[in-house]
Structures are given as C-alpha cells and as structure tokens.
Amino acid sequence: MTSAISREQLEEGARRILLSNLREGVADWNGKEFSFVCPSLTGYPFQWFWDSCFHALALLHLDPEQAKKEMRSLMSGAQPSGFIPHIIFWEMEKQPDFLSRNIVGMTGPNFSATIQPPIIAYAVARVYRVTGDEEFLREALPILTRYYRYLREARDPDNDGLIAVIQPEEAGTDCSPKYDEILGLEELSNRGFITALRKVYEAYEPLRHDDHAVLAADIFHVEDVLVNSIYCFCLRALARLHTEAGGEDSPEAAEFSREADRVRDALVEKCWDEEAGAFFDLSGVDEKPLKTVTISSLMPLILADLPRHQVETLVERWVRPPEHFWTPYPLPSVPASDPKFMPGNPGGFIWRGPSWINTNYFLSHSLRGHGYPELSEPLVEKSKECIAKSGFREYYHPYTAEGLGARDFGWSTLILDF
Ligand code: GLC
C-alpha cells in the first residue's frame with residue numbers, strides 16, 4: 001500500500017510542531033526546571049499528563065534526549081502521596097484566564113487535583129529502551145511505583161482491581177455520550193457539559209483532598225474501561241521494568257504483575273456484556289453498566305491476553321462493520337450507528353464522533369497484535385491520510401478527514417510511532 005505522505009514529510013511536520021510547542025524554563029512557583037511540549041499553544045498551553053506521554057513516544061523518533069526531559073518534567077509533578085496531576089500549570093501567566101473557561105479541581109493554583117489515563121509506565125519504559133539510560137530508570141522507578149500504588153489505594157475502594165474516575169476529564173474522553181445520563185446533561189452542548197461539571201465540582205468542594213470520601217459520595221464514580229485497560233497494560237510494563245532493574249525475584253515485579261492479572265480478570269468478568277458484544281464502564285458504588293458503546297468499549301484490545309472470544313466479537317461486531325466503527329476515516333470516537341454520533345465540528349463538545357490519532361495509535365497496534373493486518377494497515381494509512389489532507393489537528397471528520405479542533409496539535413505526532 002502506498003502512503004499518502006512520506007515518512008520524511010511526517011517527520012518534518014512533527015518536528016516543527018514538537019519544537020514550536022516546546023515550553024522550557026524555571027517555574028517561579030516551585031523553582032523547578034521544566035521542558036515539555038504543550039498540546040497546543042493557543043488552546044492548551046500547559047503540561048497535560050497523557051498528552052505528555054504521547055509527545056515523549058513521538059520524540060523518541062526525533063530527539064530521545066528531549067523525550068527524557070518531557071517525562072522528567074511530568075514526573076517532577078509527583079506529590080508525596082504518589083499522585084501525578086492531569087495538568088501542571090508551569091507558566092500560569094501564559095493564559096491567566098484558562099481556569100475561568102475550563103474546569104479542573106485544584107489542590108493548589110499550579111496543578112489539577114485530577115488524574116488522566118495512566119499511560120506513563122509504558123512511555124517511560126519505551127524511553128528507557130531507546131536510550132538505555134540506567135540513571136533515568138533509577139530515577140523513574142520509585143516515582144512510578146508510588147504512582148501505581150496510589151491509584152490502587154486511592155481509587156479502588158471496593159478492591160475489585162478496577163480503579164474509578166471522579167469526573168469525565170480524568171478518562172481523557174471528556175464529553176463522551178456514555179456519561180450524559182450520570183452527569184444529568186440538560187443541554188447537549190459544550191455549555192451543557194461545563195454546567196454539569198461545575199455541579200460535580202461544587203458537590204466535591206467539602207470533600208477535597210479525600211479520594212475515598214469523594215468516591216463514597218457517589219457523585220461521579222466510574223470504573224472506566226479505557227482507563228482500566230491502560231492501567232492494566234501499564235502495570236505489566238511496570239512489572240517488566242522492575243524485573244529488568246531488580247531481577248526475576250523482584251517483589252515489586254510480582255506485585256504489579258499480580259495486580260495486572262486482577263485488573264484484566266475484572267475487566268473480562270465484570271465489564272463485558274455478552275449481548276452487546278462490548279465492554280461497558282461501571283457506574284457508581286452499585287456498579288451499574290453504562291450501556292453506550294464508544295471507542296472506550298474497544299480499548300481492552302490493547303491487552304495481549306484478552307480472551308480470544310472477546311477479541312473476535314469486538315472486531316467482527318463493532319470494528320469491521322462500516323455502519324459502526326469502520327467509517328471512511330476510522331475509528332470514530334462513537335460508532336456511526338449511535339443516534340448521538342456527531343461527526344462534524346463539535347464546538348468543543350468533543351469525543352462524540354470524530355476520529356482521534358491517539359486512540360487509532362492504541363487500536364492499530366492492538367489489531368496488528370491480535371492478527372488483523374487487514375484492519376491495522378488501513379488504519380495506519382487512513383490516519384496518515386488525515387494528516388496529509390488536513391495537517392496535525394486535534395481530531396478529524398470520520399467521513400472526510402477534515403481537520404477539526406486545535407491546529408498544530410501535539411499528540412497527532414504519535415503517527416511516527418504507529
Ligand atoms: C481535551 C482531551 C484530553 C486532552 C486535553 C489536552 O481535554 O479530551 O484527553 O488531554 O484536551 O489535549
């Protein structure tokens with residue numbers, strides 16, 4: 001298959017964005033040095049957790065030293081509890097009004113009090129493999145170990161292995177229709193979403209800093225499939241890093257691989273819906289399934305040991321049919337068959353139709369790994385075509401590849417690591 005765009009052109013475009021979105025300096029609020037790529041200079045001028053991991057993966061193809069700096073800046077945000085924030089506001093003066101237009105719970109004025117999909121162990125492992133830098137691994141391992149223990153201790157109150165998110169942005173798929181009902185959205189728009197989110201934050205206000213109280217309040221308590229698939233995938237990556245650093249008998253390697261098994265088993269047993277042939281999030285203390293198929297329902301495919309029956313059902317029932325996920329420019333964030341599918345410009349009401357490069361990244365690797373080259377190859381090519389036609393945008397129209405959302409968007413450079 002010939003590509004719409006050459007490797008050289010992709011690298012040139014990616015380098016331009018990663019360089020122009022690079023932010024470096026010393027923070028005036030904690031005296032720490034920072035060096036990271038922001039998702040977009042205009043829309044998102046700070047350091048976002050999972051974006052940063054994606055930037056590091058892209059940087060590995062252009063400048064591995066910068067990939068290390070990106071991860072070091074992110075890890076320097078780790079708190080004594082182990083928590084690493086979803087946003088670090090290194091340069092608040094960049095956009096002083098950002099917080100009035102966006103909702104993030106703050107523990108202090110310089111970072112959010114929320115998490116994001118925990119892909120960091122995988123990103124760090126890849127950086128280590130490419131650079132072979134033992135010192136980097138020695139620095140990173142205790143931070144990662146505390147972080148994944150924090151997730152288990154703070155975010156899994158029912159101890160079933162699955163961690164819970166406390167608001168939709170924590171899952172990285174902010175306005176996904178799967179949350180409409182539990183958020184009580186009165187208006188299907190970004191404005192309606194922000195209003196609903198504000199109410200969640202107001203209710204959390206008296207409980208701030210107490211993860212268990214926040215979850216017990218059962219206001220937004222979601223064992224999210226995308227988050228837990230990434231969590232499980234990364235627990236394996238972390239176990240492997242511990243084996244490499246501490247040998248076959250490393251107790252931490254055993255701890256995290258046991259934990260990965262537990263998360264996989266819980267996903268497979270508790271989130272799978274045989275009738276729908278898909279995985280659903282569990283909502284609330286009473287774990288009610290949120291029966292809306294979205295891109296998140298496919299994410300357990302990133303697990304190499306997902307039972308074959310579930311792999312085949314997801315692929316044949318949902319991925320391959322053009323009426324669901326196989327649109328001309330796949331994979332849409334919501335299947336085309338869903339009445340709420342919104343393929344065009346969402347006006348900020350995101351994750352309700354367009355195709356994103358980061359989920360295509362995970363799913364193209366997964367489909368290849370599970371033996372579906374006839375799907376993974378076109379998915380790679382179609383993702384490149386989106387970039388060839390419309391540049392590095394935040395997301396793309398799943399029928400036309402029209403570029404939507406932010407321009408010069410950092411994580412679309414992930415195409416280098418497909
Ligand atoms: C949006 C996305 C989120 C991303 C952030 C910065 O909020 O939903 O996943 O991390 O933008 O790019």
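Because the structure is a prediction, the values reported are computed rather than measured. Counting starts at 1 for both ligands and their atoms, in listed order. Computation of the quantities below employed the complete heavy-atom set of this structure, encompassing side-chain atoms and omitting hydrogens, waters and symmetry-equivalent molecules.
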Ligand 1: which protein N/O atoms lie under 3.5 Å from its N/O atoms?
{"from": "ligand 1", "atom 1": "7 (O)", "to": "D174", "atom 2": "OD2", "distance (Å)": "2.7"}
{"from": "ligand 1", "atom 1": "8 (O)", "to": "G172", "atom 2": "O", "distance (Å)": "3.1"}
{"from": "ligand 1", "atom 1": "8 (O)", "to": "D174", "atom 2": "OD1", "distance (Å)": "2.7"}
{"from": "ligand 1", "atom 1": "8 (O)", "to": "D174", "atom 2": "OD2", "distance (Å)": "3.2"}
{"from": "ligand 1", "atom 1": "8 (O)", "to": "W351", "atom 2": "NE1", "distance (Å)": "2.9"}
{"from": "ligand 1", "atom 1": "9 (O)", "to": "W50", "atom 2": "NE1", "distance (Å)": "3.0"}
{"from": "ligand 1", "atom 1": "9 (O)", "to": "G172", "atom 2": "O", "distance (Å)": "2.7"}
{"from": "ligand 1", "atom 1": "10 (O)", "to": "W50", "atom 2": "NE1", "distance (Å)": "3.2"}
{"from": "ligand 1", "atom 1": "10 (O)", "to": "D51", "atom 2": "OD1", "distance (Å)": "2.6"}
{"from": "ligand 1", "atom 1": "10 (O)", "to": "Q116", "atom 2": "NE2", "distance (Å)": "2.9"}
{"from": "ligand 1", "atom 1": "12 (O)", "to": "D51", "atom 2": "OD2", "distance (Å)": "2.7"}

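- In this view, Y395 and W356 satisfy the ring pair (Phe, Tyr, Trp, His ring centres under 6.0 Å) rule, not counting sequence neighbours.
- For the ring pair (Phe, Tyr, Trp, His ring centres under 6.0 Å) test, no residue two or more places apart in sequence or in another chain qualifies with F193.
- Residues P354 and P343 come closest through the heavy atom pair CG-O, 3.5 Å.
- In R191, the CZ atom is not crowded: 12 or fewer heavy atoms of neighbouring residues, nucleotides or ligands sit closer than 6.0 Å.
- Evaluation of the salt bridge (Lys or Arg N to Asp or Glu O under 4.0 Å) test over residues 338-355, restricted to residues two or more places apart or in two chains, returns D180-K340, D180-R352.
- More than 12 heavy atoms of other residues, nucleotides or ligands shown are found within 6.0 angstrom of CD on E187.
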